[in-house]
Amino acid sequence: MSTTILLTGITGFLGSHIAEKLAREGHTVIALIRNSSNLWRYNEIGNYSIILINSDSEGYQKEVESYNPSVLIHSAWGGVAAGDRDNWEAQVANISYTADLLNLAKNIGINHFIGLGSQAEYGFFEGVVNEQKECNPLSAYGASKLATCNIVKAFCTVHKIDWQWLRLFPMYGIREDVNWFIPMVISHAFNNKDLNLTGCEQRYGYLHVDDFCRAINKVVLQKTPSGIFNLASNNSIQLRQLIEFIQVQTKTKATFNFGALPYRPNQVMHMEGNSDAFFSAFKFLPKAGFNESVTEIINYYKLKTAQ
């Protein structure tokens, strides 16, 4: 069954993969861009029938409406870099943008909203967390995500729009920002550049972006139930184990100096989401093997380095 989907954030890591997956599955994807958008990820996707609409153009809402989308996937979010997560002005701007999108959805008859939240909404925690944990965000990013979640819930309930708010835990895959952890380690390995690290004893629950996109497709097709769901892999890996695997696979001459840096104050040593509610509601299980997936990422950056 194909659906017409309005997507924000196609220029981002997750958004580009969502667009690619859904278009490949036969859905019609209408993606919003801006004059300032950097389209390099979109250009890597391939020749799928994705329709780009510039939201800086006058009357873009009418153009969107002409395609009669029934689902809105909101993956755009400004200020995701670590240095911007306590920039209150940048983070709060995301709330206003989401409110504008909700009004657009209501006005053109979209009946299903899917928003991407974050484990940062929970604040500090150690171990495995499910949706029953009280949210106590400690950053502008987490607080703005939580505020947006509450707005989405209230707006969609009042206007009878099906909705899901997916609280995401660490993701990984190709086309990730080069400054994020896995691409950064791979870059140092390829360039035989030594890297000072903490002890890297932290355990994180990484979900491969292909599994994430399979999950999104499930939500698009199934639509209900509305609500808040963690979306994670339901397992975790120690960062040192991940780094040592990259060392072996790249045959690097770089030295990774574990323990050269201190842990941050209040460093979370185990961050893992419990996704049992999502897995049950949407009949979903992750498939990607970690070693095979990391090898794919290594090969992706090896090819880019050679270009």
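From a predicted model like this one, the values you see are computed outputs, not experimental measurements.
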Look only at the side chain of [X] and the backbone of [Y], and say whether a donor-acceptor pair between them is shorter than 3.5 Å.
| X | Y | answer |
| --- | --- | --- |
| Gln202 | Leu239 | no |
| Asn87 | Glu89 | yes |
| Ser118 | Ala120 | yes |
| Asp211 | Ala288 | yes |
| His208 | Asp210 | yes |
| Asp56 | Arg34 | no |
| Ser236 | Tyr204 | no |
| Thr8 | Ser75 | yes |
| Asn196 | Leu261 | no |
| Ser187 | Pro183 | no |

Is there a side-chain contact between [X] and [Y], using heavy atoms and a 4.5 Å cut-off?
| X | Y | result |
| --- | --- | --- |
| Asn257 | Leu195 | no |
| Leu22 | Ile73 | yes |
| Leu6 | Val71 | no |
| Gln267 | Met269 | yes |
| Phe258 | Arg240 | yes |
| Phe13 | Asp177 | no |
| Tyr141 | Asp84 | no |
| Ser144 | Asn94 | no |

Report the distance from atom [atom1] of [X] to atom [atom2] of [Y], rounding to the nearest 0.5 Å.
| X | Y | atom1 | atom2 | result |
| --- | --- | --- | --- | --- |
| Ile186 | Ile243 | CD1 | CD1 | 11.0 Å |
| Ser139 | Lys145 | OG | NZ | 11.0 Å |
| Tyr300 | Glu176 | OH | CD | 10.5 Å |
| Leu207 | Phe212 | CG | CZ | 8.0 Å |
| Leu14 | Met171 | CG | CE | 6.0 Å |
| His17 | Arg214 | NE2 | CZ | 15.0 Å |

Using every non-hydrogen atom in the two residues, find where [X] and [Y] come nearest and quote the distance to one decimal.
| X | Y | value |
| --- | --- | --- |
| Arg85 | Val80 | NE-O, 2.9 Å |
| Ile114 | Leu166 | CG2-CD1, 4.1 Å |
| Phe155 | Asn103 | CE1-OD1, 3.6 Å |
| Asn179 | Met184 | O-CB, 4.4 Å |
| Gln238 | Cys200 | CG-O, 3.4 Å |
| Thr252 | Ala189 | OG1-O, 2.7 Å |

Are [Y] and [X] linked, directly or through intermediate hydrophobic residues, by side-chain heavy-atom contacts shorter than 4.5 Å (ILVMFWY only)?
| X | Y | result |
| --- | --- | --- |
| Ile10 | Leu101 | no |
| Ile151 | Leu146 | no |
| Ile5 | Ile161 | no |
| Ile51 | Ile18 | no |
| Val248 | Phe181 | no |

Single hit among Arg24, His27, Gln222, Lys21 for side-chain hydrogen bond (donor to acceptor under 3.5 Å, both in side chains) with Asn217: His27
Should Tyr263 and Glu201 be marked as a side chain to side chain donor-acceptor pair (under 3.5 Å) after you check the CA-CA gap, both sets of side-chain angles, and the distance that decides it? CA-CA 10 Å; Tyr263 290 112; Glu201 298 160 298; 2.7 Å; yes
Could you work out, with salt bridge (Lys or Arg N to Asp or Glu O under 4.0 Å) as the rule, every residue matching Glu44, not counting sequence neighbours? Lys304
Does Lys193, at its NZ atom, have more than 12 non-hydrogen atoms belonging to other residues, nucleotides or ligands within less than 6.0 Å? no
Counting only heavy atoms not in Lys106, do more than 12 fall under 6.0 Å of its NZ? yes
Indicate every side-chain donor-acceptor pair of residues 225-235 with a distance under 3.5 Å to a residue at least two apart or in another chain.
unit_1, atom_1, unit_2, atom_2, d
Ser226, OG, Trp163, N, 3.0
Ser226, OG, Trp163, O, 3.3
Asn230, OD1, Tyr122, OH, 2.7
Asn230, ND2, Val129, O, 3.1
Asn230, ND2, Asn274, O, 3.2
Ser233, OG, Tyr206, O, 2.9
Ser233, OG, Asn235, N, 3.4
Ser233, OG, Asn235, O, 3.0
Ser233, OG, Asn235, OD1, 3.2
Asn234, OD1, Ser275, N, 2.6
Asn234, ND2, Asp276, OD1, 2.8

Looking at Arg175 and Glu20, is there a salt bridge between them, counting it only when a charged N and a carboxylate O are closer than 4.0 Å? yes
Could Arg203 and Glu272 be called an ion pair, given the rule that one side-chain N must be under 4.0 Å from one carboxylate O? no
Centroid-centroid distance, Tyr172 to Phe290, less than 6.0 Å: yes
Verify whether the ring centers belonging to Tyr97 and His74 lie closer than 6.0 Å. yes
side-chain contact (heavy atoms from CB on, under 4.5 Å) evaluation trace for Ile45 with Ile50: CA-CA 10 Å; Ile45 288 174; Ile50 298 167; 4.3 Å; yes
Run Cys156 and Asp162 through side-chain contact (heavy atoms from CB on, under 4.5 Å) and show every step you take. CA-CA 7 Å; Cys156 291; Asp162 291 334; over 6 Å; no
Step-by-step side-chain contact (heavy atoms from CB on, under 4.5 Å) determination, Val128 to His270: CA-CA 8 Å; Val128 182; His270 184 190; 4.0 Å; yes
Report the C-alpha distance between Glu121 and Trp165 in whole Å, list the side-chain angles of each, state the deciding distance to 0.1 Å, and finish with yes or no for side chain to side chain donor-acceptor pair (under 3.5 Å). CA-CA 12 Å; Glu121 295 171 63; Trp165 185 258; 2.9 Å; yes
Go through it in stages, so that I can follow the logic: the residues are Glu244 and Phe256, the test is side-chain contact (heavy atoms from CB on, under 4.5 Å), and I'd like the CA-CA distance, side-chain angles, deciding distance and then a yes or no. CA-CA 9 Å; Glu244 289 174 344; Phe256 291 89; over 6 Å; no
Return all side-chain donor-acceptor pairs below 3.5 angstrom for residues 57-66, not counting sequence neighbours, or 'none' if the list is empty.
unit_1, atom_1, unit_2, atom_2, d
Ser57, OG, Asn54, O, 2.6
Ser66, OG, Glu63, O, 2.6

